Amino acid sequence: MTTRTADHTASELLAVMSARLLRDGQVVFAGVGVPLLAATLAQRLHAPGLTILFEGGVVGAFIEPGKLPPSTNEQRCARRANMVLGSTDVLLLLQRGYIDIGFMGGAQIDQYGNLNSSFIGDPDHPVTRLPGTGGGNDIASLTQMIVAMKHEKRRFVKRVDFVTSPGFLSGAESRREAGLTTGGMYRVVTDLGIFGFEERSKRMQLVALHSGITTEQVQTNTGFELLIAAELAITEPPSEKELKALRHLDPDRLYTA
Amino acid sequence: MTTRTADHTASELLAVMSARLLRDGQVVFAGVGVPLLAATLAQRLHAPGLTILFEGGVVGAFIEPGKLPPSTNEQRCARRANMVLGSTDVLLLLQRGYIDIGFMGGAQIDQYGNLNSSFIGDPDHPVTRLPGTGGGNDIASLTQMIVAMKHEKRRFVKRVDFVTSPGFLSGAESRREAGLTTGGMYRVVTDLGIFGFEERSKRMQLVALHSGITTEQVQTNTGFELLIAAELAITEPPSEKELKALRHLDPDRLYTA
Amino acid sequence: MTPDYAELCHRTHERDRSLREKVMSLDEAAALVADNASVGIGGSTLSRTPMAMIWALIRAGRKDLFCARSITSNEGELLFASGASRHLLTSWFSQGIVWGVSRIMRLYTETGRARFEEWSHMAVGLRFRAGAMGVPFLPMRSMMGSDIAHRLPETRLIDCPFTGAKLMLVPALNPDVALIHVQRCDAYGNAQIDGLPFMDLDLAMAANRVILTTERIVSNNKIRRAPDQTKIPFMAVDAVVEAPFGSAPHECYGIYEPCFEHLDAYAAQIRRDPEEGVRAYLERYVYGPKSWAEYLDLLGLRELLDARRRGTSIHDD
Amino acid sequence: MTPDYAELCHRTHERDRSLREKVMSLDEAAALVADNASVGIGGSTLSRTPMAMIWALIRAGRKDLFCARSITSNEGELLFASGASRHLLTSWFSQGIVWGVSRIMRLYTETGRARFEEWSHMAVGLRFRAGAMGVPFLPMRSMMGSDIAHRLPETRLIDCPFTGAKLMLVPALNPDVALIHVQRCDAYGNAQIDGLPFMDLDLAMAANRVILTTERIVSNNKIRRAPDQTKIPFMAVDAVVEAPFGSAPHECYGIYEPCFEHLDAYAAQIRRDPEEGVRAYLERYVYGPKSWAEYLDLLGLRELLDARRRGTSIHDD
């Protein structure tokens, strides 16, 4: 699978497409990497009143071009923010209902939007021990989610090896029944397209293809049977303005290589 | 009953006698009025390493002579303190076990050291609605207590009309059984003497008489049968040095009239 | 009282939480508070009392507010006597220990004209904190065994599922609106608080709407130069009102101390005749003046200057 | 794990909580931490990591520490590789997202040589907070339904006694000792923290002993001029160690940023050969130097100056 074109990298595509999903006035809790970059991009381009929060405790962040932090717990995140809070307290803002969108990357996702960032293989004898949840579980449990990730068959699986961050669990009402009465997966953005979740079954559903990508291509790169929205959209390719702004933010290609 | 002598007022006696009970190095949570004054006096006289906390959120307070605050929630309490905290957090220090002594005044006390500062008479149809607990209930529930109050028969009753701040409840193990597994009444200081609590029954016990006061006088002014310690002490009258320091702290007689 | 979680979140989602200017007048802010609303009042006793906002609500004729405050001083007397509130939740209610037991509180509660609902100080704080955290309760270890808890059917005594120990659970308190006075905030509502914060941070996050009064509105740039000094985030704030001496005759840490002469005179007037004393006070100081500035003029420049001289001294160490 | 309350209070009462000087050397402070102790580590990821103290504990040959930290970077790799810890509780463990998945973490956990106990970030925070509050648990609304909770027998899922809703209870975590690095504190341990506080305030109050390292020891007079800037009270602190660049090669807000070149080189060395790479690193940077100053000299003045130049820029806005 290759979506890298002469014009932009897959990561750039992810950042631009996810940035477009954010609306002015929203309050967005963003993880490090593409989410931080995309939220900052949205803020610079079409959503100046977007409020960005970071897990490190930053409320109303303003990231400086070329000074992207290596995690959301660095002083670079806090510079010229509106407020800094303790880590627990910033996560409690999610629990109190202050956040519109949680926005993060994913290592492995399944048809119900459950994310795994803990174990590949049997958790007791893992093939790979991944870095873990961080605030991911909290964010995914407590608010509407956008996930940005590269589209690979091994990452889009029928059932994740381990539910680190809950999507719709086993679908239908199971999330609510587990005690998670708010939030849930809203969109998954990949380098192939954009995905929602069918209302009743809560199964992943292709809602938009990126320009030049076919439904077959997406299905081929997905480890479970995809639902396809009745009205399937085609996204506009990243504009020059978007890419220019993005590259201005991340000139060292820290997150967009 | 009169204990006002040419030398000092009853409040001054209370302040001096309670100050003497405090030891250097202790951490004392002090209420407004005589407790604040006595703790500050102890700090000036014999316990320079005494740490004073106020309900308003002050840790390691240093009160200025002549600038006693009208409550422990005023900026005068915070001036040159080591730390200020939120009200809830300073009370949580009690719950975390950081405090050696809780120190407050009392409106009405009973033979088990229960304090009433809420209702005189039937709580549903009170003769007098008093100002209430403030942090009193929290302090008395969570740490060893010293109470300083004027000795009057109507204030020393067999059973308080209402348990605002728990002493030993109905005595013996009842405090522990109610869930209060730490703390309890340590000393009651009045203008007649000093009182402890008998170890098993948890009934109030006279442990020291102020100079010139008789056991009979104390019993006459007490609404329940007092236990008398086997070795009854006689306190030293307030010294000139103590009274001078006290009057220096409260020149306007805000709390020592 | 304990809100359904989805409903609580829904109320928050409905609010405009974006970075936007929300400066308005005392009267405009008063219009955000409906009769019968539950109102959390910031500060404590004589400190950072949102007096200007309470003053505006009484003038606006607000009725039957359910008010909650950590410790209540004579602002509670004015709320009762004006009819703005007939139900106050607090841990302690009197003008202040040096002025003795409140005659107004006694008059209203002993005759059943109003209710003083008593919780321990920490319980009030933990109820706001539970509200701020978005949880339905918090556990604590006081109020057990006392008669206070017996009068509060909303408490629960449990055996800890981890240790078996007895614990008191207190329910979240999420007021419809919080009134908080601060030293400074920007036009978006990013607030800095100096000195004793009391329960204001939890109260702000617990409430479903926050009205800030502030001694001074500062630039967002000033806030963003020291984001670790921000105590209340703009997201939580719905109205910003600049009200100099907004706590007078109470104090505002680092700026002014209480107007003690005024408070002594008030106390004496109440002592002489509670009902008539407070009526006359309301007439003269609350209903009488045409504006907050005119109210301050009645307090008197000499006393305000003296309060300010005493208050500023903490910066001179 | 959840302590008996009387025992918890007893441990606190036994501590000398008086206002006293407690300045000591890194080695003296390291002697306060026993093998097998539970250790809470302040800061998060690359920020305000108490690196000097961790460095001193590894050099002192400490074994089998149970460590807990909000988010763990390469200090966790050094703890595992040195044998100082074989059990780390955290929400995320890798050097940092830009360096990929930690090869050391993988090596140790996948072969069962050490344990990475994973809780959600908020759960770690609420466990410290419960510990700080002196309650056995706190309720929360995440971790439900996920596989994380299934691997944690210490959690409890309850029906809320107030609302009937499902809630997750997480138990208090009261480490034997907390290691916290701050910008400044006085000789008594009154600490001021600039910038992101992470979980350090709760951690300090939760722990049964606190060791502070500080960029600078300041006078108690300076602390008392701004008591509302004190974040950790002296009462909670048992040792104060002055350690300039005490978080290097990590950062300390407002003073220096991370030494990125050093961290990149470290990552490359680990990538080439995890086992040998970390061994060589420990030899050169931890066991090799005679003192903290000599360690800093190995990091290199040029890189420290550059880190400082980048770090101080936040004060220039």
Side-chain angles (χ1 to χ4, degrees), chain A residues 22-29 42-43 47-54 56-64 74-102 138 141-144 175-176 179-184 186, chain C residues 3-22 128-136 138 172 174 185-193 201-208 210 218-237:
Chain A
L22 303 175
R23 300 273 159 270
D24 199 20
Q26 282 183 328
V27 179
V28 178
F29 203 104
Q43 200 180 51
L50 187 83
T51 295
I52 303 178
L53 287 87
F54 296 133
V58 180
V59 178
F62 293 88
I63 292 297
E64 274 189 284
E74 258 63 39
Q75 59 182 308
R76 287 183 176 187
C77 294
R79 187 161 188 271
R80 295 193 61 71
N82 283 278
M83 181 182 201
V84 307
L85 276 171
S87 316
T88 312
D89 293 303
V90 80
L91 289 164
L92 287 171
L93 292 178
L94 287 154
Q95 189 163 277
R96 182 59 185 79
Y98 270 100
I99 314 303
D100 292 300
I101 296 286
D138 305 309
S141 296
L142 297 168
T143 195
Q144 292 285 328
R175 178 185 167 100
R176 173 179 300 273
L180 305 174
T181 56
T182 61
Y186 168 60
Chain C
D4 172 70
Y5 180 58
E7 166 66 18
L8 179 72
C9 288
H10 179 71
R11 286 187 72 171
T12 306
H13 276 283
E14 293 286 289
R15 294 161 73 184
D16 182 349
R17 285 157 286 124
S18 69
L19 195 76
R20 63 191 167 87
E21 295 205 5
K22 46 196 82 150
F128 287 142
R129 181 158 297 178
M133 291 171 75
V135 290
L138 281 175
N174 293 100
C185 69
D186 66 17
Y188 309 128
N190 287 301
Q192 297 184 342
I193 295 176
L201 283 46
D202 287 327
L203 169 59
M205 301 320 291
N208 288 302
V210 175
V218 299
S219 70
N220 179 248
N221 196 45
K222 179 175 167 68
I223 296 291
R224 284 167 54 200
R225 284 176 68 184
D228 50 1
Q229 298 305 303
T230 308
K231 302 292 174 67
I232 298 173
F234 68 91
M235 284 191 297
V237 174

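Just so we're on the same page: letters track the sequence lines, and every chain starts at 1. Since this is a predicted model, take the numbers as computed values, not measurements.
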- Query: chain C: which of T51(A), N82(A), V27(A) shares the most heavy-atom pairs with it under 4.5 Å?
  - Reply: N82(A)

- Item | Distance, nearest 0.5 Å, that separates CZ of R17(C) from CG of L93(A) | 11.0 Å

- Rounded to the nearest 0.5 Å, what's the gap from CG on L8(C) to CZ on R96(A)? Could you check? 4.0 Å

- Query: If every non-hydrogen atom of A81(A) is compared with every non-hydrogen atom of P227(C), which pair is closest and at what distance?
  - Reply: O-CB, 3.3 Å

- Query: What do the steps show when you test R129(C) against L92(A) for side chain to side chain contact (heavy atoms under 4.5 Å, CB included), and what is the final call?
  - Reply: CA-CA 11 Å; R129(C) 181 158 297 178; L92(A) 287 171; over 6 Å; no

- Locate the shortest heavy-atom distance separating L142(A) from Y5(C); write the atom from each residue and the value. CD2-OH, 3.9 Å

- Note on the structure: Okay, N208(C) and chain A: the region with an atom under 4.5 Å from a heavy atom over there is both

- Message: Does R176(A), at its CZ atom, have more than 12 non-hydrogen atoms belonging to other residues, nucleotides or ligands within less than 6.0 Å?
- Response: no

- Query: How far apart are the closest heavy atoms of R80(A) and R224(C), and which atoms are they?
  - Reply: O-NE, 2.8 Å

- Query: chain A heavy atoms under 4.5 Å from R11(C): which part of the residue, side chain, backbone, both or neither?
  - Reply: neither

- Item | Where T182(A) and A6(C) come nearest, the two heavy atoms and their spacing | CG2-CA, 4.4 Å

- Message: Taking the side chain as everything from C-beta on, heavy atoms only, tell me whether M83(A) gets closer than 4.5 Å to I232(C).
- Response: no

- Query: So which part of N190(C) gets closer than 4.5 Å to some heavy atom of chain A, the side chain, the backbone, both or neither?
  - Reply: side chain

- chain A contact via N220(C) - which portion, at a heavy-atom distance below 4.5 Å: side chain

- Run the side chain to side chain contact (heavy atoms under 4.5 Å, CB included) check on L201(C) and D89(A) step by step: do they pass? CA-CA 11 Å; L201(C) 283 46; D89(A) 293 303; over 6 Å; no

- Item | Shortest non-hydrogen separation from Y98(A) to M235(C) and the atoms involved | CE2-O, 3.7 Å

- Query: What's the shortest heavy-atom distance between C9(C) and G97(A), and which atoms?
  - Reply: SG-CA, 4.0 Å

- Pairs of heavy atoms under 4.5 Å with chain C: top-ranked of D24(A), T88(A), V58(A), I99(A): I99(A)

- Does any heavy atom of chain A fall under 4.5 Å from the side chain of A236(C), the backbone, both, or neither of them? both

